[in-house]
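Along the sequence shown, the residues carry numbers beginning at 1. Just follow the structure's listing: the first ligand is 1, and inside any ligand the first atom is 1.
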Amino acid sequence: MQAILVTGGCGFIGANFIRFLLEESDFTGRIVNLDKLTYAGNPLSLQDLAARFPQRYTFVKEDICNREGVARVMDAHHVDTICHFAAESHVDRSIVRPDDFIQTNIIGTYNLLQLARERQERITLFHHVSTDEVFGSLGDTGFFTENTPYQPNSPYSASKASSDHLVRAYHHTYGLPTTLSNCSNNYGPYQFPEKLIPLMILNALEGKPLPVYGDGRNVRDWLYVRDHNTAVWAIMQRGRRGETYNIGGRNEMQNLVVVHTICDLLDEIAGRLPGHQSRRELITYVKDRPGHDRRYAIDCTKVERELGWKPAESFETGIRKTIQWYLDHKDWITSVRSGDYQQWIKQHYG
Ligand code: NAD
Ligand code: TYD
C-alpha cells in the first residue's frame, strides 16, 4: 500500500481516518482524498494537512459517480489501494429523498469496483466501509455477527446492503482483493450536526429543544470514531481478503440515556443554563422516524480474535472527549452551520 485513494475523506469518519493515517499510524505512503463535497463534506476538517504533508496528501474534488473523472485521478496518482467511505449517510434524509443514496451508494460503489477491476494488476486492496444497519433490527436480545442475514429496512441501509453485495460479487467473480467492514454507530470530532450526538450537544449548549424520536428507547451500539478507524486500518493491513468484519464498541445504549449523559456532562463542563435546573428539561419527544429500527448490537469477536483489535475508549471517555472537541471548535461549527464553507468550496474548488 503506497498510494491509497480515500473516498469521502472530507466527511466525518473519512476525515478522522486520514488524520489517523498521517498523524498516528505506521503508514508511510501517499493519500489521495477524493470527495464530491456534498453538504456533509467539509474541506476545513483537513485544511492543515496539505501544508503539513505536502508530499503525502492530495485533495481532489470529484464525484464517484463520474467514472472517467475518478479513472483520471486513479491513474494520475498511481493508486494501488482504495478505502471507500464516500456515501450518503443519513437515514432521515434517505427517507425523505432516496435518489442520491441510490446514485452514490450503489452506482458510485459499482463505478469504483469496475475501475479497480480494470486496474487489477496494480490494485492490492479495495476496502469497503459499511454499516451494521444492513442487518436490520434486533429484538431485546442477540447480536449481529458476520453471518447474520441481510435485512435492510431504510433506503439508506438498503443502498449500503446493495453496495456490500457488489463488493462480495467482485471478489467472488473477478478475484478482486476486497475487505469489508460493518460498523455500529460512530461519534466523535467532525461529525455533521444532523446525527444524534452532535445535534444534541449543540442544541443542549444553546438551550434549544432536544428532539427525541418516539419513546427514546431505541438502542444503538456506540463506537468512538478513532476506534472504528484503528479497526479499518487493521483490516486493511492484516484482514483476510474476501472477508467481512463486524466492528462495534460493546456500548449498547438507549437514545434517552445518551441524551441524558450529554445533558449532565454539559451542565458539569459548561455550567447550567440560566433558568434551568438541568439540560434534561430541554428534551422534547417528537414523532417517530418511519420504520425506525429498534436495536442494533454488534458481535465483534472476529476482528478482536483474528486481528487483535480492541477499542481504546469507553462511552464515558469518548463522549467527554467529543463534547470537549465541540466546545473547543466553535469556528468549525459556525462554518458548517452557516453555509460559509459552501462559499469557501466554490471559491477554492469551483
Ligand atoms: P458523512 O456523511 O459524514 O460523509 C460522507 C462523505 O462522502 C462526505 O464528505 C461527502 O461529501 C462524500 N460524498 C458523498 N457523496 C459523494 C460522491 N458521490 N462522490 C464523492 N464523495 C461523496 O458520512 P460518515 O458518517 O463519515 O460515513 C462514512 C462511511 O461510513 C459511509 O459509507 C457510511 O455508510 C459508513 N458508516 C457510518 C457510520 C456512522 O455512524 N456515521 C457507521 C457505520 C458505517
Ligand atoms: P442517527 O444519529 O440518525 O443514526 P442512525 O439512524 O443511523 O442510527 O440516530 C441515532 C438514533 O437517534 C436513532 O435511533 C434515531 C435517534 N434520533 C433521535 O431520537 N433524534 C434525532 O434528532 C436524531 C437525529 C436521531
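- Using cut-offs of 30° and 60° on the angle between ring planes, the pair His84 and His128 is tilted.
- When only non-hydrogen protein atoms are considered, atom 44 (C) of ligand 1 lies nearest to Ser130 O, 3.1 Å.
- Protein heavy atom at the shortest distance from atom 19 (O) of ligand 2 is Tyr213 N, 2.9 Å.
- Figure legend: cation-pi geometry between Arg250 and Phe143 absent, as NZ or CZ is not positioned both under 6.0 Å from the six-membered ring centre and within 45° of its axis.
- Between Ile13 and ligand 1, at least one pair of N/O atoms sits closer than 3.5 Å.
- Using modelled atom types and a 3.5 Å distance limit, the side chains of Thr301 and Asp299 yield a donor-acceptor pair.
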Residues Tyr187, Phe315; criterion ring pair (Phe, Tyr, Trp, His ring centres under 6.0 Å); working and verdict: CA-CA 10 Å; Tyr187 67 100; Phe315 189 74; 5.2 Å; yes
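- Backbone and side-chain nitrogen or oxygen atoms of Thr104 are examined, and one is located within less than 3.5 angstrom of a nitrogen or oxygen of ligand 1.
- For atom 8 (C) of ligand 1, the closest heavy atom belonging to the protein is Asp35 OD2, 3.6 Å.
- In this structure, a donor-acceptor pair under 3.5 Å is absent between the side chains of Asn218 and Asp288.
- Using modelled atom types and a 3.5 Å distance limit, the side chains of Asp293 and Asn153 yield a donor-acceptor pair.
- Taking distance alone, with nitrogen or oxygen atoms compared against 3.5 Å, Ile64 approaches ligand 1 more closely than that limit.
- Checked by distance only, ligand 2 and Arg220 come closer than 3.5 Å through their nitrogen or oxygen atoms.
- Looking at Glu133 next to ligand 2, an N or O pair under 3.5 Å apart turns up.
- Across every non-hydrogen atom of Arg279 and Ala204, the tightest pair is NE-O, 2.8 Å.
- Ligand 1 places these atoms under 4.0 Å from at least one heavy atom of Asn185: 40 (O).
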Would you check, one step at a time, whether the test ring pair (Phe, Tyr, Trp, His ring centres under 6.0 Å) holds for Trp325 with Trp332? CA-CA 10 Å; Trp325 187 88; Trp332 185 88; 5.3 Å; yes
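- For atom 4 (O) of ligand 2, the closest heavy atom belonging to the protein is Asn185 ND2, 3.3 Å.
- At least one N or O atom of His292 sits closer than 3.5 Å to an N or O atom of ligand 2.
- Heavy-atom distances between Glu62 and ligand 1 reach below 4.0 Å in at least one pair.
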Under the ring pair (Phe, Tyr, Trp, His ring centres under 6.0 Å) criterion, do Phe17 and His228 qualify, and how do the steps go? CA-CA 9 Å; Phe17 181 72; His228 181 185; 8.8 Å; no
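- Residue contacts with ligand 1: Phe85 is placed with a nitrogen or oxygen under 3.5 Å of a nitrogen or oxygen of the ligand (distance criterion only).
- Using bins of under 30°, 30° to 60° and over 60° for the plane-to-plane angle, the ring pair Tyr150/His165 lands in the tilted bin.
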Show your working on side-chain contact (heavy atoms from CB on, under 4.5 Å) between Ile106 and Ser162 and close with a plain yes or no. CA-CA 6 Å; Ile106 304 178; Ser162 177; 3.5 Å; yes
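- With Arg226 as the fixed residue, the salt bridge (Lys or Arg N to Asp or Glu O under 4.0 Å) test singles out one of Glu313, Glu24, Glu23: Glu24.
- At a heavy-atom cutoff of 4.0 Å, ligand 1 is contacted by no atom of Asn42, backbone or side chain.
- Compare Phe12, Tyr190, Phe17 by their heavy atoms: the one nearest to atom 3 (O) of ligand 1 is in Phe12.
- Side-chain contact check for Tyr213 and Asn255: no donor-acceptor pair (N or O, by modelled atom type) lies under 3.5 Å.
- Taking a cut-off of under 4.0 Å to the non-hydrogen atoms of Leu199, the atoms of ligand 2 that pass are 22 (O).
- Considering backbone and side-chain atoms together, Lys160 places an N or O closer than 3.5 Å to an N or O of ligand 1.
- In this structure, the protein non-hydrogen atom closest to atom 40 (O) of ligand 1 is Asn186 N, 2.9 Å.
- At a 3.5 angstrom cut-off on N or O pairs, Leu196 counts as close to ligand 2.
- Taking atom 12 (O) of ligand 2 as the reference point, the nearest protein heavy-atom neighbour is Asn255 ND2, 3.4 Å.
- Counting heavy atoms from C-beta on, the side chains of Met236 and Cys83 come closer than 4.5 Å.
- Judged by the shortest distance from any of its heavy atoms, Gly108 lies outside the 4.0 Å radius around the atoms of ligand 1.
- Between atom 18 (N) of ligand 1 and the options Asp63, Val129, Leu223, the minimum heavy-atom separation is to Asp63.
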Evaluate ring pair (Phe, Tyr, Trp, His ring centres under 6.0 Å) for Trp233 paired with Phe27, printing each intermediate quantity in order. CA-CA 10 Å; Trp233 186 228; Phe27 176 65; 5.7 Å; yes
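- Of the listed options Arg289, Met253, Glu194, Lys195, Arg289 places a heavy atom closest to atom 9 (O) of ligand 2.
- Taking any N or O of His84, backbone or side chain, none lies under 3.5 Å from an N or O belonging to ligand 1.
- With contacts defined as side-chain heavy-atom distances shorter than 4.5 Å, the pair Val336/Leu44 does not qualify.
- The single protein non-hydrogen atom nearest to atom 20 (C) of ligand 1 is Lys36 N, 3.2 Å, given as residue, atom name and distance.
- Among protein heavy atoms, atom 43 (C) of ligand 1 sits closest to Cys183 O, 3.3 Å.
- Note: His329 and Tyr190 have tilted aromatic rings, judged against thresholds of 30 and 60 degrees for the angle between ring planes.
- Closest to atom 1 (P) of ligand 1 among all protein heavy atoms lies Ser89 OG, 3.5 Å.
- Counting all heavy atoms, side chain and backbone alike, Tyr170 lies closest to Gln114 at OH-OE1, 2.5 Å.
- Considering backbone and side-chain N/O of Tyr296, none are found under 3.5 Å from N/O of ligand 2.
- Every N/O-N/O distance between Glu88 and ligand 1 stays at or above 3.5 Å.
- Heavy atoms of Ser184 come nearer than 4.0 angstrom to ligand 1 in at least one pair.
- Residues Ser130 and Phe85 fail the side-chain proximity criterion, which asks for heavy atoms closer than 4.5 Å.
- Less than 4.0 angstrom separates some heavy atom of His90 from each of these atoms of ligand 2: 3 (O).
- The N/O atoms of Gln191, backbone and side chain alike, include none that comes under 3.5 Å of an N/O atom in ligand 1.
- Taking each of Gly11, Ala87, Ala86, Gly8 in turn, the one with a heavy atom nearest to atom 14 (C) of ligand 1 proves to be Ala87.
- The distance criterion of under 3.5 Å between nitrogen or oxygen atoms is not met by Asp92 with respect to ligand 2.
- Residue contacts with ligand 1 for Tyr156 involve side-chain atoms from C-beta outward but no N, CA, C or O (heavy atoms, distance under 4.0 Å).
- Asn42 has its side chain out of reach of Cys10: every pair of non-hydrogen atoms, C-beta onward, lies at least 4.5 Å apart.
- Interatomic distance, Asn182 CG to Thr145 OG1, rounded to the nearest 0.5 Å: 10.5 Å.
- An N or O contact shorter than 3.5 Å links Pro211 to ligand 2 by distance.
- Proximity to Val212 (heavy-atom distance under 4.0 Å) selects the following atoms of ligand 2: 19 (O).
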